2 protein chains.
Amino acid sequence: MSTENLSTRTRILNAAWKLLEDSASKARMSDIAKAAGVSRQALYLHFPNRADLLIATTRHIDEAKQIEVRLAPSRAATSGVERLARFIEAWGNYIPEIYGVARALMAMQDSDAEARQAWSDRMLAVREGCKAAVAAIEADGLLAESLDSGTATDLLWAMLSVRNWELLTVQCGWTQDTYISEIKALAGRSLVSEFTPDH
Amino acid sequence: MSTENLSTRTRILNAAWKLLEDSASKARMSDIAKAAGVSRQALYLHFPNRADLLIATTRHIDEAKQIEVRLAPSRAATSGVERLARFIEAWGNYIPEIYGVARALMAMQDSDAEARQAWSDRMLAVREGCKAAVAAIEADGLLAESLDSGTATDLLWAMLSVRNWELLTVQCGWTQDTYISEIKALAGRSLVSEFTPDH
DNA sequence: TGTCAACTTTACACAGTGTCAAGTTGATTC
DNA sequence: GAATCAACTTGACACTGTGTAAAGTTGACA
């Protein structure tokens, strides 16, 4: 796709996305500007600061990657266990897509309150997905006896955190496929009573 | 304990420790210097840079908090399940002690290769503990059927990561006691076959 | 021809790390 | 009691990256 006719704003977002995608490259404001073919100051004409630019980049990716569409199978599931599996697939496979931006945003959390808030909001949305899956399992009467739904939601949320994905894939060297299947199995064993993996 | 007779180096380490402990306070080099009652430059006489100072601080804490002693019950355990439980208690209760420094060190990972290495080394030590616990369970013939020991080690390591502790306690608001008991239960359900919580 | 928005160019303020060089000070040694 | 030395202080400065400010350019549109 030609980059010519796109608005400056879009070119900036695409540049930020691309730079953040490969972990090797730095993504300072000047780097992003250079990659977008605009001056560094042009960035500040469109985004008040780096945090806002990164946040806008995540929304931009969400649109391009259609996160909502990906979540549809989970919402359409007819059983709790299936809903859990489809949700893990949707979100778990989405993590690598946003990992670059996520990393940059997480790195800013200590210094930037706005970045913290933005990331927190996104993660709370994920938590809602976890909550819905847990509720569906509970409705089937299959939530592990020792768990209440709040605790189960928190645990699932933790299992599906970007940091966990990072640890298991980047650090431990798991493939994405291994990650998905092992996390599904883990969530099943630990949240669902009488769980048997539907292979 | 009087701070008078301690060496400058020790006073610096104590100051860094104290500042990093309460999450409210900043811990810039100048802050640490002020807290230690020395000039900022004195810090550079003892530590080449901030990363080294933080790393030295973790070792300082390890000594003061006797991490090795805490790990003894796990090593002395007579069954795999017990070893797992004692290890989770030892490490899980140690996390809040080092969390301040850990946070600072983790925040430096993206920019500082040395900090990354130092943190990685420490976490690999934790992984060894996980590995030993998994090996003990396996030796009892109680490792969950669907798991090989490598995967089980990785999963336990992820469950016991500082990031997970942070998510569950700081973000979800779990108490430390809840964290320990829920993680024990989670590790049991997900790693051990025929697991029954010993009350 | 004039106006306006979008963008560029140049310059600067600021925070925080790390470096450098020239003091001071107090203990040790001859 | 003078010289020496290590440990520390003081003040200045380089560097990086973010964000701000102000003046100049350019092309479209009226």
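The sequence lines fix the lettering, A, B, ..., with proteins before strands; numbering per chain opens at 1. Heavy atoms only: backbone and side chains are in, while hydrogens, waters and symmetry mates are out. Predicted model, so just to flag it, every value in this text is computed and none were measured.
Comment: A:D112 does not engage A:R50 in a salt bridge, judged by the lack of any side-chain N to carboxylate O separation of less than 4.0 angstrom. Salt-bridge formation is not detected for the pair A:R103/A:E21: no Lys NZ or Arg NE/NH1/NH2 atom is positioned less than 4.0 Å from an Asp or Glu carboxylate oxygen.
At whole-Å resolution of the value, CD in A:Q41 and C1' in D:dT25 are 15 Å apart. For the pair B:M108 CE and C:dG18 P, the interatomic distance rounds to 6 Å; values are reported in whole Å. Remark: C1' of C:dG18 and CG of B:L53 are 13 Å apart, rounded to the nearest angstrom. For the pair A:I12 CD1 and C:dA6 P, the interatomic distance rounds to 12 Å; values are reported in whole Å. Distance B:R9 CZ to D:dA6 P: 19 Å, rounded to the nearest Å. Atom CD in A:E114 sits about 13 Å away from atom C1' in D:dG19, given to the nearest Å. Atom CZ in B:R50 sits roughly 15 Å away from atom P in C:dT19 (whole-Å rounding). A straight line from CG of B:L43 to P of D:dA7 spans 16 Å, rounded to a whole angstrom.
Judged purely by atom type and a 3.5 angstrom limit, B:R86 has no side-chain atom pairing as donor or acceptor with the backbone of B:S74.
For the residue pair B:D22 / B:S25, a side-chain donor-acceptor distance below 3.5 Å is found, with atom types taken as modelled. Counted by atom type alone, A:W165 and A:Q176 present one or more donor-acceptor pairs between their side chains at under 3.5 Å.
Side-chain proximity of A:A42 to the nucleotides C:dC7, D:dT18, D:dA21 is greatest for C:dC7. For B:Y44, taking side-chain heavy atoms from C-beta onward, the closest of the listed nucleotides D:dG19, C:dT17, C:dT8 is C:dT17. Checking C:dC7, D:dG11, D:dC8 against every side-chain atom of A:L45, the shortest atom distance belongs to C:dC7.
Less than 4.0 Å separates DNA chain D from at least one heavy atom of each of the following residues of residues 16-37 of chain A: A:R28, A:M29.
Taking A:H60 as the reference, A:W17 meet the ring pair (Phe, Tyr, Trp, His ring centres under 6.0 Å) condition, with sequence neighbours excluded.
Here B:H46 reaches the OP1 or OP2 of D:dC8: one of its side-chain N or O atoms lies under 4.0 Å away.
The side chain to side chain contact (heavy atoms under 4.5 Å, CB included) test with B:F47 is passed by exactly one of B:I32, B:I55, B:I12, B:T57: B:I12.
B:R40 comes within 4.0 angstrom of a base, heavy atoms only.
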